[in-house]
Amino acid sequence: MKGNSGVKNDFIYSMALQLSEQEIIRREALAELQELGINPYPAEEYTTNTTIKDILTYYPEDESSFQDVVIAGRIMGRRIMGSASFAELQDSTGRIQLYFNRDEICPGEDKTMYNTVFKRLLDIGDIIGVKGYVFVTRMGETTVHVKEYKLLTKSLRPLPVVKEKDGQVYDAFKDPEQRYRQRYLDLIVNPDVRDTFRQRALMIQSMRNFLLSKEYLEVETPVLQPIYGGAAARPFKTYHNTLDTTLYLRIANELYLKRLIVGGYDGVFEFAKDFRNEGMSRFHNPEFTQMELYVAYKDYKWMMNTVEEMVEKIALDLHGTTAVKVGDKKIDFKRPWKRFTMYGAIEHFTGVDVSEMDEAQMRKAALDMGVELDETMGRGKIIDEIFGEKCEGKLIQPTFITDYPVEMSPLAKKHRELPGLVERFEAICNGKEICNSFSELNDPVDQRSRFEEQIELGRRGDPEAMVLDEDFLRAIEHGMPPTAGLGIGIDRLGMIMTNSNSIQDVLFFPQMRPEKSSSAESEGDDFINAGIPAEWVPVFQKSGYPNLESLKGANANKVFNQLCGLRKKLKLTLSAPKPEDVKEWIEKAG
RNA sequence: GACUUGGUAGCUCAGCUGGUAGAGCACAUCCCUUUUAAGGAUGGGGUCCUGGGUUCGAGCCCCAGCCAAGUCACCA
């Protein structure tokens with residue numbers, strides 16, 4: 001360290017107790033930059049005039065272009081030689097090589113900006129802006145010849161360095177836990193992750209454009225609901241102080257959107273975050289996004305055609321083709337999709353026609369197929385079990401399953417021809433449901449009795465049974481036009497459209513258990529309360545005494561030696577304690 | 001929730017029957033200087049997830065716990 005003030009030394013070395021060596025070196029570089037009069041975090045705008053992607057795309061077509069470029073981004077790699085160096089710069093569009101030459105960066109006598117600042121004080125991860133011109137190196141790589149550069153942000157932590165050659169990736173940053181917890185790192189070093197989320201955004205945009213082009217109204221409805229409804233699921237519960245009342249985070253927005261149809265809109269939709277207090281897996285996150293759409297004067301048959309049209313358009317907008325690669329399969333969203341009734345699908349995959357069976361016969365048939373059941377299951381639930389067990393996983397290409405048992409669908413209208421069924425369909429794709437839709441039940445008398453059946457299920461112990469929403473009934477008693485409704489899982493569809501294996505890969509910040517945080521900082525108060533100088537607290541903690549309690553009964557000589565040893569090792573400017581001080585501190589602990 | 005696998009340096013990972021913690025990248029100092037997952041030399045860097053136990057001795061064995069991933073169950 002040259003010319004550093006004692007104050008800065010103290011700051012850096014007191015941090016040294018918690019920091020890795022590489023972090024200390026970066027903090028020293030930060031201090032040195034400031035002494036050179038360089039602001040590592042400048043406030044003013046840095047105006048760029050192109051992007052890396054544009055340079056790489058258009059320069060090869062016209063080598064007289066890009067002779068005066070300004071770009072900004074993060075340093076992702078450096079190859080430093082004597083008077084000339086190369087670096088990799090990454091912006092939001094891509095990565096390009098930079099060429100630095102000492103005598104061009106520093107035309108005069110003072111070579112500090114090259115020798116000291118660029119070579120020694122900049123690191124991988126720093127954000128800089130550069131001005132220069134584009135050329136091609138002897139090795140044939142399009143490169144920006146830097147005439148001038150400016151530090152825009154100093155990075156204090158080392159970045160995972162991922163290297164790649166001929167499609168082979170070295171030292172990939174791939175541990176899922178770290179990728180999800182520190183998504184920013186994932187995004188920096190794994191460019192395909194940035195692409196996945198761009199595609200997700202494009203997918204939503206495509207869907208929204210489709211719906212807006214039909215002149216449906218995009219709306220927002222409450223997330224905090226006094227009565228949760230619209231789906232069979234367990235809710236998150238919260239509490240409002242002023243109202244002194246329990247509220248639930250919505251599990252669906254269906255009942256609110258239908259109220260809007262009652263209110264006279266012909267078509268309403270919402271991209272809704274829903275919350276379900278249930279298990280987590282690679283298909284389930286506690287909060288997820290669903291697009292719900294309700295269109296008046298339509299039925300579920302119309303809605304099937306609409307879903308096909310919409311999803312086919314999304315595939316085309318994202319991939320330019322209706323066929324999408326998912327894992328080792330190719331899924332083709334080209335219309336028309338295959339259609340099965342639920343009974344038809346079961347007969348197709350099991351060879352058993354269950355359509356005419358009563359509950360007892362059905363139970364026996366299911367058990368014969370090896371489907372596990374429990375006592376609380378009624379006829380509808382058994383059909384659902386058979387379907388889920390024997391059919392759903394086998395449906396890879398997009399397929400509509402229609403006409404569900406009434407017991408499973410308390411918000412769907414009874415089938416116009418087939419008793420015991422409702423006018424409902426789901427689209428199954430890659431073995432998973434991607435949407436759910438019905439001709440909405442608008443008969444208020446029927447709706448009330450369906451709710452009452454749900455209440456009965458709740459009494460029998462079904463934790464997912466729906467509760468009766470009196471205001472919703474009041475609304476449809478005023479008359480809701482015949483309506484087709486749809487819920488489509490945005491995350492699930494996103495997984496398919498981006499070829500992602502888990503829902504965590506299409507959510508920026510999937511829910512994780514909270515990280516175990518070191519409580520060292522708060523525990524430090526104990527030391528101070530016992531009269532131990534604050535500047536020694538981190539030294540104690542580094543020595544293996546996280547709190548005062550841990551110091552109890554410790555050998556005073558040993559502690560004294562540990563403290564002084566660390567002081568020497570880390571070149572702390574603190575004055576050494578006396579042995580009797582240490583003894584006194586330990587006595588206070590015990 | 002059950003089962004399986006894993007947690008070792010900033011990152012990716014080795015680590016023998018239980019015997020003084022290793023490599024590559026990154027970092028530091030130096031050499032070469034239009035290189036490209038740059039090369040060469042030297043060096044620094046560790047709570048082996050946590051807590052117990054067995055043992056003369058534990059990264060490794062046993063028990064408990066934490067976190068994650070995979071599979072299964074439930075839900076979209």
Side-chain angles (χ1 to χ4, degrees), chain A residues 19-26 28-29 76-88 95 97-102 120 123-125 135-141 143 145 155-182 185 189 231-234 251-252 274-292 372 374 384-385 388-389 426 428 432-436 462-464 487-493 495 501-504 510 512-516 518 520 541-544 546 569:
Chain A
L19 297 176
S20 71
E21 185 193 29
Q22 292 193 45
E23 290 173 284
I24 293 164
I25 288 163
R26 284 175 182 237
E28 287 171 354
M76 298 302 289
R78 298 197 303 162
R79 294 180 285 279
I80 293 187
M81 292 157 287
S83 59
S85 302
F86 291 88
E88 301 282 329
R95 200 183 273 208
Q97 176 168 268
L98 305 179
Y99 172 73
F100 288 80
N101 180 293
R102 179 177 60 207
R120 204 156 56 74
D123 289 289
I124 290 175
F135 74 111
V136 176
T137 64
R138 238 180 254 169
M139 301 297 288
E141 180 158 350
T143 300
H145 187 120
S155 164
L156 295 181
R157 288 177 183 262
L159 204 59
V161 177
V162 179
K163 296 187 175 181
E164 187 241 311
K165 188 188 187 183
D166 300 332
Q168 178 86 8
V169 179
Y170 299 82
D171 299 331
F173 180 69
K174 62 185 179 189
D175 174 41
E177 176 168 3
Q178 287 203 72
R179 287 183 47 225
Y180 301 151
R181 285 196 196 279
Q182 295 182 265
L185 292 183
V189 304
R234 291 151 81 176
I251 57 172
D274 291 337
F275 305 82
R276 297 190 184 174
N277 206 342
E278 292 168 348
M280 289 162 58
S281 74
R282 73 186 178 92
F283 292 106
H284 301 88
N285 196 61
E287 53 183 294
F288 65 101
T289 306
Q290 196 171 201
M291 196 287 293
E292 292 200 36
E372 289 183 29
D374 69 53
D384 195 54
E385 282 296 311
E389 193 77 21
E426 291 189 0
I428 314 287
K432 281 277 165 189
E433 171 191 344
I434 56 170
C435 77
N436 183 12
D462 184 346
E464 292 176 352
I488 182 161
I490 295 297
D491 312 293
R492 291 276 176 86
L493 188 61
M495 285 168 65
N501 193 38
S502 74
I503 200 167
Q504 285 79 12
M512 309 277 282
R513 272 216 168 68
E515 227 174 331
K516 192 175 44 173
S518 159
Q541 290 174 337
K542 182 84 174 179
S543 305
K569 184 180 172 194

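Atoms considered below: every heavy atom in the structure, side chains included; atoms not considered: hydrogens, waters and symmetry mates. Naming: A, B, ... by sequence-line order, numbering from 1 per chain.
In this structure, the CG atom of A:N277 is 13 Å from the C1' atom of B:rC74, given to the nearest Å. One interatomic measurement links the two molecules: CG of A:L159 to P of B:rA26, which rounds to 13 Å at whole-angstrom precision. Distance, A:D123 CG to B:rA28 C1': 11 Å, rounded to whole Å. In this entry the distance linking CZ of A:R181 with C1' of B:rG7 reads 13 Å, nearest Å. In this structure, CZ of A:F283 is placed 11 Å from P of B:rA73, rounded to the nearest angstrom. Between A:E28 atom CD and B:rG44 atom C1' the separation is 13 Å, expressed in whole Å. If you take CD of A:Q22 and P of B:rG10, they are 8 Å apart, rounded to a whole angstrom. Between the CD atom of A:Q182 and the P atom of B:rG10 there is a distance of 12 Å, given to the nearest Å.
In this structure, of B:rC25, B:rA69, B:rG44, it is B:rC25 that holds the atom nearest to the side chain of A:V161. Checking B:rA68, B:rA38, B:rU29 against the side-chain heavy atoms of A:R79 singles out B:rA38 as nearest. Of the candidates B:rA69, B:rC11, B:rG10, B:rC11 carries the atom nearest the A:Q178 side chain, counting heavy atoms from C-beta on. Picking from B:rA69, B:rG45, B:rU34 the nucleotide with the shortest atom distance to the side chain of A:R138 gives B:rU34. Nearest to the side chain of A:P158, among B:rG10, B:rA28, B:rU12, sits B:rG10. Nearest to the side chain of A:T137, among B:rA68, B:rU34, B:rG44, sits B:rU34. For A:S281, counting side-chain heavy atoms from C-beta on, the closest listed nucleotide (B:rA73, B:rC13, B:rG10) is B:rA73. Side-chain proximity of A:P160 to B:rC67, B:rU34, B:rC11: nearest is B:rC11. Among B:rA28, B:rU34, B:rU29, the nucleotide with an atom closest to any side-chain atom of A:R120 is B:rU29. Side-chain proximity of A:E385 to B:rG10, B:rC74, B:rA69: nearest is B:rC74.
When the nearest nucleotides of RNA chain B are assigned to A:S502 and A:N285 by heavy-atom distance, the more 5′-ward of the two goes with A:S502. Judged by closest nucleotide on RNA chain B, A:F173 is the one of A:R26 and A:F173 placed further toward the 5' end.
Residue A:Y180 is classed as a sugar-phosphate contact, given heavy-atom separations below 4.0 Å to backbone atoms only. Among the atoms of the strands shown, none is found under 4.0 Å from any heavy atom of A:I434. Residue A:A231 is classed as having no contact, given no heavy-atom separation below 4.0 Å to the nucleic acid.
Within 3.5 Å, no donor on the side chain of A:E141 pairs with an acceptor on the base of B:rU35, nor the reverse. Counting distance only, with no hydrogens placed and no angle test, the side-chain atoms of A:S85 and the base atoms of B:rU34 include no donor-acceptor pair under 3.5 Å.
Applying the 4.0 Å criterion to OP1 and OP2 of B:rU71, one finds that A:R282 has a side-chain N or O inside that range. Taking only side-chain nitrogens and oxygens, A:K174 comes nearer than 4.0 Å to OP1 or OP2 of B:rC13. Between A:R513 and B:rC66 there is no side-chain N or O to OP1 or OP2 distance below 4.0 Å.
When the C1' atom is used for both B:rG46 and B:rG10, the distance is 12 Å, rounded to whole Å. Between B:rG45 and B:rA64, the distance separating the two P atoms is 37 Å to the nearest Å. Atom P of B:rU12 sits at a distance of 15 Å from the matching atom of B:rA69, rounded to the whole Å. Spacing between B:rU47 and B:rA21 at atom P, rounded to whole Å, works out to 14 Å. Straight-line distance between the C1' atoms of B:rU42 and B:rG6: roughly 36 Å, to the nearest whole Å. Rounded to whole Å, the separation between the P atoms of B:rC27 and B:rG1 comes to 43 Å. Going from the C1' atom of B:rA28 to that of B:rG44 covers 7 Å, rounded to whole Å. Look at the C1' atom in both B:rG19 and B:rA58: the space between them is 10 Å, to the nearest Å.
The two residues A:A231 and A:R276 have their closest heavy-atom pair at CB-NH2, 3.4 Å. Heavy-atom minimum distance, A:S281 versus A:Q504: O-NE2, 3.4 Å.
Of the candidates A:R78, A:R95, A:R79, A:R79 is the only one forming a side chain to side chain donor-acceptor pair (under 3.5 Å) with A:E88.
In this structure, A:N285 and A:D491 have side chains that are not in contact, with every pair of non-hydrogen atoms separated by 4.5 Å or more. Put simply, the side chain of A:P160 reaches to within 4.5 Å of the side chain of A:L185, judged on heavy atoms.
If you check B:rA69 for Watson-Crick or wobble pairing at under 3.5 angstrom, you find it paired to B:rU4. With both pairing distances under 3.5 Å, B:rG39 is matched to B:rC31 as a Watson-Crick or G-U wobble pair.
Rounded to the nearest 0.5 Å, atoms CZ (A:R26) and CD (A:E21) are 12.5 Å apart.
In A:R234, the CZ atom is not crowded: 12 or fewer heavy atoms of neighbouring residues, nucleotides or ligands sit closer than 6.0 Å.
A:Y99 and A:F135 have perpendicular rings, their planes meeting at more than 60° on a 0 to 90° scale where under 30° would count as parallel.
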